[in-house]
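Accompanying notes for the structure given below.
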Amino acid sequence: MSSLKNSLHRRTHKERSQLSHRTRLGFLEKHKDYVLRARDYHSKQDRINLLREKAATRNKDEFYFSMTKEKTEGGVHVKDRGNQALPVDIVKVLKTQDENYLRTMRAVGLKKIDKLKNQLTQLADLLKPGALEGDDAAEELDDQELEVLREAGVLPPEPKKARRKSRSSQKDKHVLFAENEAEARQYATSSRTASSSQEDDHMDASNDQNVDLGWKVPEQVKRKRRKSKAGADEGAALDQAIETAEEAKAHRTRLLKELSARLVRDRHLRYAERELEMQRALMAKGASRKIAGVEKLGDDGDDSEDEDRPSKKGDEKTWKPRVYKWRVERKR
(Lines give C-alpha, C1' and ligand atoms only; values in the text may rest on other atoms or scores of the structure.)
Protein backbone atom coordinates (compact mmCIF):
# COMPACT_ATOMS: atom_id res chain seq x y z
CA MET A 1 0.00 0.00 0.00
CA SER A 2 2.82 2.39 0.80
CA SER A 3 4.36 1.96 -2.65
CA LEU A 4 0.95 2.47 -4.27
CA LYS A 5 0.42 5.58 -2.15
CA ASN A 6 3.76 7.05 -3.21
CA SER A 7 3.13 6.33 -6.89
CA LEU A 8 -0.08 8.34 -6.97
CA HIS A 9 0.07 11.85 -8.39
CA ARG A 10 0.24 14.59 -5.80
CA ARG A 11 -0.61 18.19 -6.36
CA THR A 12 2.32 20.61 -6.19
CA HIS A 13 1.41 23.55 -3.98
CA LYS A 14 2.92 26.79 -5.21
CA GLU A 15 3.64 29.75 -2.99
CA ARG A 16 1.54 32.80 -3.45
CA SER A 17 3.47 35.56 -5.23
CA GLN A 18 3.04 39.30 -5.06
CA LEU A 19 0.08 40.65 -6.97
CA SER A 20 0.80 42.47 -10.22
CA HIS A 21 -0.58 45.81 -9.00
CA ARG A 22 1.55 45.52 -5.80
CA THR A 23 4.90 44.70 -7.43
CA ARG A 24 6.19 48.14 -6.34
CA LEU A 25 6.11 46.86 -2.73
CA GLY A 26 8.64 44.15 -3.50
CA PHE A 27 8.73 40.51 -2.38
CA LEU A 28 5.61 39.17 -0.68
CA GLU A 29 6.60 38.27 2.87
CA LYS A 30 5.62 34.80 4.13
CA HIS A 31 5.17 33.72 7.73
CA LYS A 32 8.65 32.21 7.99
CA ASP A 33 10.13 35.52 6.80
CA TYR A 34 8.14 37.38 9.43
CA VAL A 35 9.38 35.01 12.16
CA LEU A 36 13.03 35.65 11.25
CA ARG A 37 12.50 39.39 11.11
CA ALA A 38 10.69 39.43 14.45
CA ARG A 39 13.40 37.39 16.19
CA ASP A 40 16.11 39.67 14.88
CA TYR A 41 14.21 42.78 15.98
CA HIS A 42 13.54 41.45 19.49
CA SER A 43 17.13 40.32 19.99
CA LYS A 44 18.35 43.82 19.13
CA GLN A 45 15.83 45.41 21.44
CA ASP A 46 16.89 43.12 24.29
CA ARG A 47 20.54 44.06 23.83
CA ILE A 48 19.73 47.76 23.74
CA ASN A 49 17.64 47.47 26.94
CA LEU A 50 20.44 45.57 28.67
CA LEU A 51 22.96 48.27 27.77
CA ARG A 52 20.58 50.97 29.01
CA GLU A 53 20.19 49.13 32.31
CA LYS A 54 23.94 48.80 32.74
CA ALA A 55 24.46 52.48 31.97
CA ALA A 56 21.76 53.48 34.48
CA THR A 57 23.06 51.28 37.33
CA ARG A 58 26.81 51.74 36.84
CA ASN A 59 29.03 52.96 39.66
CA LYS A 60 31.00 56.07 38.77
CA ASP A 61 33.63 55.32 41.45
CA GLU A 62 34.18 51.77 40.31
CA PHE A 63 37.87 50.89 40.04
CA TYR A 64 39.90 47.78 39.34
CA PHE A 65 43.68 47.53 39.26
CA SER A 66 43.49 46.01 35.80
CA MET A 67 42.22 49.38 34.57
CA THR A 68 45.74 50.78 34.87
CA LYS A 69 46.92 48.45 32.08
CA GLU A 70 44.02 49.18 29.74
CA LYS A 71 43.80 52.04 27.25
CA THR A 72 41.30 53.72 24.98
CA GLU A 73 41.70 55.35 21.60
CA GLY A 74 39.06 57.91 20.69
CA GLY A 75 36.79 56.68 23.47
CA VAL A 76 36.99 53.06 22.23
CA HIS A 77 38.46 50.40 24.50
CA VAL A 78 41.50 48.82 22.86
CA LYS A 79 42.71 45.55 24.31
CA ASP A 80 45.95 43.75 23.63
CA ARG A 81 45.62 40.33 22.03
CA GLY A 82 48.53 38.97 24.00
CA ASN A 83 50.82 38.50 21.01
CA GLN A 84 54.46 38.77 21.96
CA ALA A 85 56.90 40.53 19.64
CA LEU A 86 59.53 38.23 18.19
CA PRO A 87 63.20 38.97 18.84
CA VAL A 88 65.10 40.86 16.19
CA ASP A 89 67.36 37.89 15.38
CA ILE A 90 64.38 35.61 14.63
CA VAL A 91 62.76 38.28 12.47
CA LYS A 92 66.00 38.69 10.50
CA VAL A 93 66.15 34.93 9.93
CA LEU A 94 62.54 34.90 8.71
CA LYS A 95 63.20 37.80 6.36
CA THR A 96 66.28 35.98 5.05
CA GLN A 97 64.16 32.92 4.31
CA ASP A 98 61.59 35.06 2.52
CA GLU A 99 64.32 36.73 0.49
CA ASN A 100 65.80 33.36 -0.49
CA TYR A 101 62.37 32.13 -1.57
CA LEU A 102 61.82 35.23 -3.70
CA ARG A 103 65.28 34.85 -5.23
CA THR A 104 64.55 31.21 -6.10
CA MET A 105 61.18 32.03 -7.68
CA ARG A 106 62.74 34.89 -9.61
CA ALA A 107 65.45 32.55 -10.97
CA VAL A 108 62.74 30.14 -12.15
CA GLY A 109 60.90 33.01 -13.81
CA LEU A 110 64.07 34.27 -15.52
CA LYS A 111 64.62 30.83 -17.06
CA LYS A 112 61.10 30.90 -18.49
CA ILE A 113 61.69 34.45 -19.78
CA ASP A 114 64.88 33.32 -21.55
CA LYS A 115 62.97 30.42 -23.11
CA LEU A 116 60.29 32.79 -24.42
CA LYS A 117 62.95 35.17 -25.75
CA ASN A 118 64.62 32.32 -27.63
CA GLN A 119 61.29 31.30 -29.17
CA LEU A 120 60.57 34.86 -30.25
CA THR A 121 64.08 35.28 -31.65
CA GLN A 122 63.69 32.16 -33.77
CA LEU A 123 60.53 33.49 -35.42
CA ALA A 124 61.41 34.54 -38.95
CA ASP A 125 58.48 36.98 -39.36
CA LEU A 126 58.79 38.67 -35.99
CA LEU A 127 59.51 42.05 -37.52
CA LYS A 128 59.84 43.15 -41.11
CA PRO A 129 63.32 44.42 -42.06
CA GLY A 130 63.62 48.20 -41.95
CA ALA A 131 60.38 48.69 -40.04
CA LEU A 132 62.10 50.45 -37.13
CA GLU A 133 64.30 52.71 -39.21
CA GLY A 134 62.10 55.02 -41.13
CA ASP A 135 58.81 55.66 -42.79
CA ASP A 136 57.11 52.27 -42.64
CA ALA A 137 56.21 51.26 -39.11
CA ALA A 138 55.73 47.69 -38.10
CA GLU A 139 52.36 46.59 -39.44
CA GLU A 140 52.27 43.33 -37.56
CA LEU A 141 53.29 44.60 -34.09
CA ASP A 142 51.71 47.46 -32.19
CA ASP A 143 53.50 49.89 -29.86
CA GLN A 144 52.82 47.83 -26.74
CA GLU A 145 54.29 44.66 -28.27
CA LEU A 146 57.34 46.57 -29.48
CA GLU A 147 57.84 47.99 -25.98
CA VAL A 148 57.68 44.47 -24.51
CA LEU A 149 60.30 43.24 -26.99
CA ARG A 150 62.58 46.18 -26.20
CA GLU A 151 62.18 45.62 -22.46
CA ALA A 152 63.06 41.93 -22.87
CA GLY A 153 66.12 42.76 -24.96
CA VAL A 154 64.92 41.01 -28.13
CA LEU A 155 64.93 44.35 -30.00
CA PRO A 156 67.40 47.22 -29.51
CA PRO A 157 66.14 50.16 -27.41
CA GLU A 158 64.43 53.02 -29.20
CA PRO A 159 66.73 56.02 -29.78
CA LYS A 160 65.96 59.22 -27.91
CA LYS A 161 65.46 61.23 -31.09
CA ALA A 162 62.78 58.89 -32.38
CA ARG A 163 61.14 58.87 -28.95
CA ARG A 164 61.00 62.67 -28.85
CA LYS A 165 59.74 62.80 -32.44
CA SER A 166 56.90 60.36 -31.67
CA ARG A 167 55.91 62.32 -28.57
CA SER A 168 55.98 65.62 -30.46
CA SER A 169 53.88 64.14 -33.28
CA GLN A 170 51.34 62.92 -30.73
CA LYS A 171 51.18 66.29 -28.98
CA ASP A 172 51.04 68.51 -32.13
CA LYS A 173 47.47 69.66 -32.72
CA HIS A 174 46.07 72.62 -34.61
CA VAL A 175 43.71 74.59 -32.36
CA LEU A 176 41.45 77.32 -33.69
CA PHE A 177 39.83 79.87 -31.37
CA ALA A 178 36.45 81.31 -32.33
CA GLU A 179 34.72 84.28 -30.75
CA ASN A 180 31.21 82.88 -31.01
CA GLU A 181 29.36 79.69 -31.86
CA ALA A 182 28.52 80.75 -35.43
CA GLU A 183 32.17 81.28 -36.30
CA ALA A 184 33.07 77.89 -34.79
CA ARG A 185 30.42 76.20 -36.92
CA GLN A 186 31.73 77.99 -40.01
CA TYR A 187 35.27 76.70 -39.32
CA ALA A 188 33.92 73.18 -38.78
CA THR A 189 31.93 73.16 -42.04
CA SER A 190 34.88 74.53 -44.03
CA SER A 191 37.21 71.84 -42.67
CA ARG A 192 34.68 69.12 -43.48
CA THR A 193 34.24 70.35 -47.05
CA ALA A 194 38.03 70.49 -47.53
CA SER A 195 38.48 66.93 -46.25
CA SER A 196 35.61 65.65 -48.41
CA SER A 197 37.07 67.34 -51.51
CA GLN A 198 40.45 65.71 -50.82
CA GLU A 199 38.78 62.31 -50.49
CA ASP A 200 36.87 62.87 -53.77
CA ASP A 201 40.10 63.78 -55.59
CA HIS A 202 41.77 60.67 -54.22
CA MET A 203 38.86 58.48 -55.33
CA ASP A 204 38.88 60.06 -58.79
CA ALA A 205 42.60 59.41 -59.13
CA SER A 206 42.13 55.78 -58.10
CA ASN A 207 39.26 55.41 -60.58
CA ASP A 208 41.40 56.90 -63.36
CA GLN A 209 44.12 54.39 -62.58
CA ASN A 210 41.66 51.49 -62.64
CA VAL A 211 39.89 52.54 -65.88
CA ASP A 212 39.14 49.52 -68.04
CA LEU A 213 39.42 50.32 -71.76
CA GLY A 214 38.04 46.95 -72.89
CA TRP A 215 41.12 45.75 -74.74
CA LYS A 216 41.87 42.66 -72.67
CA VAL A 217 38.40 41.68 -71.55
CA PRO A 218 37.95 38.79 -74.01
CA GLU A 219 41.30 37.30 -73.10
CA GLN A 220 40.44 37.47 -69.38
CA VAL A 221 37.10 35.77 -70.00
CA LYS A 222 38.83 33.05 -71.99
CA ARG A 223 41.39 32.58 -69.25
CA LYS A 224 38.62 32.22 -66.68
CA ARG A 225 36.88 29.65 -68.84
CA ARG A 226 40.09 27.72 -69.42
CA LYS A 227 40.88 27.53 -65.75
CA SER A 228 42.87 24.37 -65.17
CA LYS A 229 43.58 22.23 -62.17
CA ALA A 230 46.86 24.06 -61.65
CA GLY A 231 44.94 27.23 -60.82
CA ALA A 232 42.79 25.35 -58.30
CA ASP A 233 45.93 23.93 -56.72
CA GLU A 234 47.44 27.40 -56.54
CA GLY A 235 44.29 28.71 -54.82
CA ALA A 236 44.35 25.88 -52.27
CA ALA A 237 48.04 26.52 -51.63
CA LEU A 238 47.32 30.22 -51.16
CA ASP A 239 44.51 29.46 -48.67
CA GLN A 240 46.78 27.12 -46.76
CA ALA A 241 49.54 29.75 -46.66
CA ILE A 242 47.08 32.33 -45.30
CA GLU A 243 45.88 29.88 -42.65
CA THR A 244 49.44 29.07 -41.55
CA ALA A 245 50.25 32.80 -41.38
CA GLU A 246 47.24 33.41 -39.14
CA GLU A 247 48.25 30.54 -36.86
CA ALA A 248 51.80 31.90 -36.66
CA LYS A 249 50.47 35.35 -35.79
CA ALA A 250 48.25 33.93 -33.02
CA HIS A 251 51.20 31.94 -31.66
CA ARG A 252 53.40 35.04 -31.65
CA THR A 253 50.72 37.10 -29.89
CA ARG A 254 50.37 34.44 -27.20
CA LEU A 255 54.14 34.39 -26.66
CA LEU A 256 54.25 38.19 -26.40
CA LYS A 257 51.44 38.26 -23.83
CA GLU A 258 53.12 35.60 -21.72
CA LEU A 259 56.46 37.43 -21.97
CA SER A 260 54.86 40.70 -20.86
CA ALA A 261 53.25 39.02 -17.83
CA ARG A 262 56.54 37.31 -16.93
CA LEU A 263 58.44 40.60 -17.10
CA VAL A 264 55.93 42.34 -14.82
CA ARG A 265 56.11 39.46 -12.34
CA ASP A 266 59.92 39.54 -12.39
CA ARG A 267 59.88 43.30 -11.74
CA HIS A 268 57.57 42.87 -8.73
CA LEU A 269 59.71 40.05 -7.31
CA ARG A 270 62.78 42.23 -7.71
CA TYR A 271 61.06 45.08 -5.84
CA ALA A 272 60.03 42.74 -3.00
CA GLU A 273 63.51 41.20 -2.75
CA ARG A 274 65.11 44.63 -2.60
CA GLU A 275 62.65 45.77 0.09
CA LEU A 276 63.43 42.74 2.28
CA GLU A 277 67.15 43.35 1.85
CA MET A 278 66.68 46.99 2.88
CA GLN A 279 64.66 45.99 5.95
CA ARG A 280 67.32 43.52 7.07
CA ALA A 281 70.00 46.17 6.62
CA LEU A 282 67.99 48.65 8.71
CA MET A 283 67.51 46.06 11.48
CA ALA A 284 71.25 45.41 11.69
CA LYS A 285 73.57 47.22 14.07
CA GLY A 286 74.89 50.65 13.21
CA ALA A 287 73.41 54.11 13.01
CA SER A 288 71.72 54.85 9.68
CA ARG A 289 70.62 58.16 8.27
CA LYS A 290 68.02 58.61 5.56
CA ILE A 291 69.44 60.69 2.73
CA ALA A 292 66.61 60.56 0.18
CA GLY A 293 63.16 59.00 0.15
CA VAL A 294 61.20 57.57 -2.73
CA GLU A 295 61.49 60.10 -5.56
CA LYS A 296 59.65 60.37 -8.83
CA LEU A 297 61.80 60.51 -11.94
CA GLY A 298 61.15 62.50 -15.09
CA ASP A 299 60.09 61.23 -18.48
CA ASP A 300 63.60 59.89 -19.20
CA GLY A 301 63.57 57.49 -16.26
CA ASP A 302 64.21 53.90 -17.29
CA ASP A 303 63.60 50.60 -15.57
CA SER A 304 66.98 50.01 -13.93
CA GLU A 305 68.08 48.18 -10.83
CA ASP A 306 67.80 51.38 -8.76
CA GLU A 307 64.02 51.61 -8.95
CA ASP A 308 61.74 51.18 -5.98
CA ARG A 309 58.50 49.30 -5.70
CA PRO A 310 55.82 50.66 -8.02
CA SER A 311 53.24 53.02 -6.64
CA LYS A 312 49.57 52.10 -6.97
CA LYS A 313 48.70 55.46 -8.53
CA GLY A 314 51.89 56.15 -10.51
CA ASP A 315 53.80 54.49 -13.26
CA GLU A 316 56.06 51.58 -12.36
CA LYS A 317 59.00 53.02 -14.28
CA THR A 318 59.05 56.51 -12.74
CA TRP A 319 60.14 55.78 -9.15
CA LYS A 320 63.57 55.28 -7.59
CA PRO A 321 64.23 53.85 -4.10
CA ARG A 322 65.11 55.56 -0.87
CA VAL A 323 68.76 56.01 0.03
CA TYR A 324 70.31 55.35 3.45
CA LYS A 325 73.81 56.00 4.72
CA TRP A 326 75.40 54.08 7.59
CA ARG A 327 78.02 55.54 9.86
CA VAL A 328 81.41 53.95 9.38
CA GLU A 329 82.45 52.00 12.48
CA ARG A 330 85.80 50.48 13.10
CA LYS A 331 85.66 46.73 13.53
CA ARG A 332 87.86 45.11 16.16
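Every value quoted in this text rests on a predicted model; they were computed, and no experiment measured them.
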Spell out, yes or no, whether [X] and [Y] are grouped together once hydrophobic residues are joined by side-chain heavy atoms under 4.5 Å, including indirect joins.
X	Y	answer
Leu110	Leu259	yes
Val148	Leu255	yes
Leu146	Ile113	yes
Tyr271	Leu276	no
Tyr34	Tyr41	no

Tell me if the [atom1] atom of [X] is crowded by more than 12 foreign heavy atoms within 6.0 Å.
X	atom1	result
Arg103	CZ	yes
Arg254	CZ	yes
Glu62	CD	yes
Tyr101	OH	no
Lys54	NZ	no

Least distance between heavy atoms, [X] atom then [Y] atom:
X	Y	result
Glu183	Glu179	OE1-N, 3.3 Å
Val91	Met283	CG1-CE, 3.5 Å
Ala184	Ala178	N-CB, 3.7 Å
Gln18	Leu25	NE2-CB, 4.2 Å

Nearest 0.5 Å, please: how far is [atom2] in [Y] from [atom1] in [X]?
X	Y	atom1	atom2	result
Leu28	Asp33	CG	CG	9.0 Å
Glu29	His31	CD	NE2	10.0 Å
Glu247	His251	CD	NE2	11.0 Å
Ser260	Leu149	OG	CG	10.0 Å
Lys30	Glu15	NZ	CD	5.0 Å
Asp98	Arg280	CG	CZ	10.5 Å

For [Y], is there an ion pair with [X] - N to carboxylate O distance below 4.0 angstrom?
X	Y	value
Asp40	Lys44	yes
Lys95	Glu99	no
Arg267	Glu151	yes

### Query
Within a strict 4.5 Å, meaning less than it, do heavy atoms of the Leu94 and Leu86 side chains meet?
yes

| said: I'd like to check Thr253 versus Lys257 (side-chain heavy atoms, cut-off strictly below 4.5 Å). Are they in contact? | reply: yes

CA sep, side-chain torsions, deciding dist, call: Glu258, Arg262, side-chain contact (heavy atoms from CB on, under 4.5 Å)
CA-CA 6 Å; Glu258 186 177 357; Arg262 293 284 179 186; 4.1 Å; yes

Exercise for the section: Return yes if some donor-acceptor pair links the side-chain N/O of Lys60 with the main-chain N/O of Arg58 below 3.5 Å, else return no. Expected result: no

(request) Report yes or no: does Lys92 contribute a side-chain atom to a donor-acceptor pair with the main-chain N or O of Pro87 at less than 3.5 Å? (result) no

Got a list of side-chain donor-acceptor pairs under 3.5 Å for residues 238-245, not counting sequence neighbours?
residue	atom	partner	partner atom	Å
Thr244	OG1	Gln240	O	3.1
Thr244	OG1	Ala241	O	2.6

So the side-chain hydrogen bond (donor to acceptor under 3.5 Å, both in side chains) pairs with at least one residue in residues 75-91 (sequence neighbours excluded) are Glu70-His77

So the side-chain hydrogen bond (donor to acceptor under 3.5 Å, both in side chains) pairs with at least one residue in residues 108-118 (sequence neighbours excluded) are none

Problem - Parallel, tilted or perpendicular: rings of Phe65 and Phe63 (30°, 60°) - result: perpendicular

Checking Arg265 against His268: is there a side-chain donor and acceptor pair closer than 3.5 Å? no

